[in-house]
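Report on the following structure.
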Amino acid sequence: MIKNIVFDFGGVIADISHEQAVKAFIRLGVKDADRILDKYHQTGIFQELEEGSLTEEAYRNELGKLCGRTLSWEEVQQAWLGFITGVDIRKLQYLEMLRSEGYKLYVLSNTNPYVMGWACSERFSSEGKPLTSYFDKLYLSYQVGCTKPEQRIFEYMLSDAGLEPKETLFVDDGQSNINIASQLGMHTFQPENGCDWRKELSLLLAKLK
C-alpha cells in the first residue's frame, strides 16, 4: 500500500523547456549555454550550484566572468526561470486532494536557490501559494549536498523522512532517476514533461492499494 509519494519538480510539477532556458542564458551573455545546460543534470558551475558546493553569490560571480559583466541576483534568477514554461493549477489542486486522502507528499529535486526563491514564494501558483504549501517536505539538491541520480540523495530522503521504500511511489521524468528509485525498492512512475499525469497516477495508486 502506498503511503508516500515523492515528486520531481522540473518536468513533473512545473513544465520546463531546455530550449527556452538556453535562449535565456544566451541573452544573459553565456555564449555556450547550449553545451552547459542540461534538462536533467548540469555541468561545471551550474552543477556546482545545484549540488551546493558553490554558493549562489560565488556562482553569480563566476557566471558574471563568463558574461563579461557584473550580474544582479534578479538577472540570474530570471535566466534560471527560463526553464519554467508553466505550472498547471490543476496539478496543484490534485496534490491537495492527495494530501486530504492521507498521502504524505515530498519533492526530491535537482535545483538551486534561484529557482526555489521563486517556487517557495506566493508567485509560484495562481492561487498565491508557495510550493511548500503542497508538500510535507522538500528535499533539494543544493541543500542536501548532492544531485540525482546519485544514490545517496535518495537514501538521505528515505532516512530523513522515515520512508519505507515499498510504501513509496517515486514520480520523475528522468529515466536514470527512475532506475535508482526502483533499485532502492520504491514503486515508480515516469510521466513525460508537460503532460497531465493526474489520471495515470490515480489509476496507478488504485492498482497499488
Side-chain angles (χ1 to χ4, degrees), residues 1-16 18 37-43 46-54 83 87 91-92 94-113 115-116 119-120 131-209:
M1 181 179 178
I2 298 299
K3 296 181 180 178
N4 322 293
I5 310 175
V6 180
F7 291 87
D8 180 29
F9 179 69
V12 177
I13 301 301
D15 300 334
I16 60 175
H18 172 260
L37 291 171
D38 187 83
K39 183 178 176 183
Y40 300 109
H41 202 269
Q42 307 304 338
T43 58
F46 291 78
Q47 168 65 10
E48 291 172 11
L49 175 68
E50 294 211 329
E51 69 186 12
S53 61
L54 202 62
F83 267 109
V87 178
K91 291 180 182 177
L92 301 182
Y94 179 79
L95 295 176
E96 291 179 318
M97 183 198 75
L98 289 174
R99 291 183 85 187
S100 73
E101 292 177 353
Y103 291 102
K104 294 284 188 180
L105 303 188
Y106 303 89
V107 164
L108 181 64
S109 176
N110 289 351
T111 188
N112 60 73
V115 173
M116 284 297 118
C120 293
L131 180 66
T132 48
S133 292
Y134 301 94
F135 292 91
D136 291 275
K137 189 165 183 178
L138 311 182
Y139 290 93
L140 310 175
S141 60
Y142 71 96
Q143 293 177 341
V144 177
C146 55
T147 55
K148 297 179 296 183
E150 290 181 63
Q151 186 168 316
R152 60 194 177 107
I153 193 171
F154 291 84
E155 291 174 335
Y156 175 83
M157 175 196 68
L158 291 170
S159 174
D160 183 77
L163 308 182
E164 285 287 342
K166 64 183 179 181
E167 297 175 345
T168 304
L169 175 63
F170 179 72
V171 184
D172 196 297
D173 65 324
Q175 185 62 57
S176 57
N177 301 330
I178 288 289
N179 292 344
I180 296 297
S182 183
Q183 288 170 24
L184 291 171
M186 287 182 263
H187 298 274
T188 61
F189 171 47
Q190 186 180 3
E192 289 186 12
N193 170 44
C195 78
D196 182 359
W197 38 257
R198 293 174 298 156
K199 184 176 180 180
E200 283 184 87
L201 185 54
S202 288
L203 290 171
L204 181 56
L205 289 172
K207 183 179 177 182
L208 293 172
K209 276 188 177 178

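Sequential numbering from 1 along the given sequence is applied to the chain's residues. Just so it is clear, the structure is predicted and the values come from calculations on it, not from any experiment.
From Trp197, atom CH2 reaches atom CG of Leu204 across 12.0 Å, with rounding to the nearest 0.5 Å. Once rounded to the nearest 0.5 Å, the distance linking CG of Leu105 with CD1 of Ile13 reads 8.5 Å. Rounding to the nearest 0.5 Å gives a distance of 12.0 Å between CG of Leu169 and CG of Leu163. With rounding to the nearest 0.5 Å, the separation of CZ in Phe7 from OH in Tyr134 is 13.5 Å. The structure places NE2 of His187 at 9.0 Å from CD of Glu167, a figure rounded to the nearest 0.5 Å. Expressed to the nearest 0.5 Å, how far CG of Asp15 lies from SG of Cys195 amounts to 8.5 Å.
Using modelled atom types, no side-chain atom of Asn110 and backbone atom of Glu50 make a donor-acceptor pair closer than 3.5 Å. With Thr188 contributing its side chain and Phe170 its backbone, the two residues share no donor-acceptor pair below 3.5 Å. In this structure, the side chain of Gln190 does not engage the main chain of Asp172 through any donor-acceptor pair within 3.5 Å.
Partners of Glu51 according to the side-chain contact (heavy atoms from CB on, under 4.5 Å) rule, which considers only residues two or more places apart in sequence or in another chain, are Gln47, Glu48, Ser53, Thr147. In this structure, the side-chain hydrogen bond (donor to acceptor under 3.5 Å, both in side chains) partners of Thr168, at least two apart in sequence or on a different chain, are Asn4. Under the rule for a side-chain hydrogen bond (donor to acceptor under 3.5 Å, both in side chains), Lys104 has no partner lying at least two apart in sequence or in another chain. Scored by the ring-ring contact (aromatic ring centres under 6.0 Å, His included) test, Phe46 finds Phe25, Tyr59, Trp80 as partners (sequence neighbours excluded). Pro113 meets the side-chain contact (heavy atoms from CB on, under 4.5 Å) test with Leu49, Glu56, Tyr142; sequence neighbours excluded.
Shortest non-hydrogen contact noted between Lys148 and Asn177 is CB-OD1, 3.2 Å. Contact detail for Val12 and Pro191: the closest heavy-atom pair is CG2-CG, 4.3 Å. Closest approach of Cys120 to Leu138, counting heavy atoms only: SG-CD1, 3.8 Å. In this structure, Asp173 and Gly11 approach most closely via the heavy-atom pair OD2-CA, 3.8 Å. A pairwise comparison of heavy atoms in Phe9 and Val115 identifies CE2-CG1, 3.9 Å as the closest pair.
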Residues Asn179, Gln175; criterion side chain to side chain donor-acceptor pair (under 3.5 Å); working and verdict:
CA-CA 6 Å; Asn179 292 344; Gln175 185 62 57; 2.8 Å; yes
Give the table of side-chain donor-acceptor pairs shorter than 3.5 Å for residues 152-162, with sequence neighbours excluded, one pair per line with atom names and distance.
residue	atom	partner	partner atom	Å
Arg152	NE	Glu150	OE1	3.1
Arg152	NH2	Glu150	OE1	3.4
Glu155	OE2	Gln151	NE2	2.7
Asp160	OD2	Lys137	NZ	2.8
Asp160	OD2	Tyr139	OH	2.5

Without placing hydrogens or testing angles, list every side-chain donor-acceptor pair under 3.5 Å for residues 95-102, not counting sequence neighbours.
residue	atom	partner	partner atom	Å
Glu96	OE2	Lys129	NZ	2.6
Arg99	NH1	Ser133	O	3.0
Arg99	NH2	Asp136	OD1	3.4
Ser100	OG	Met97	O	2.6

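The side-chain hydrogen bond (donor to acceptor under 3.5 Å, both in side chains) contacts involving residues 200-209 comprise Tyr94-Ser202, where partners must be two or more places apart or lie in separate chains.
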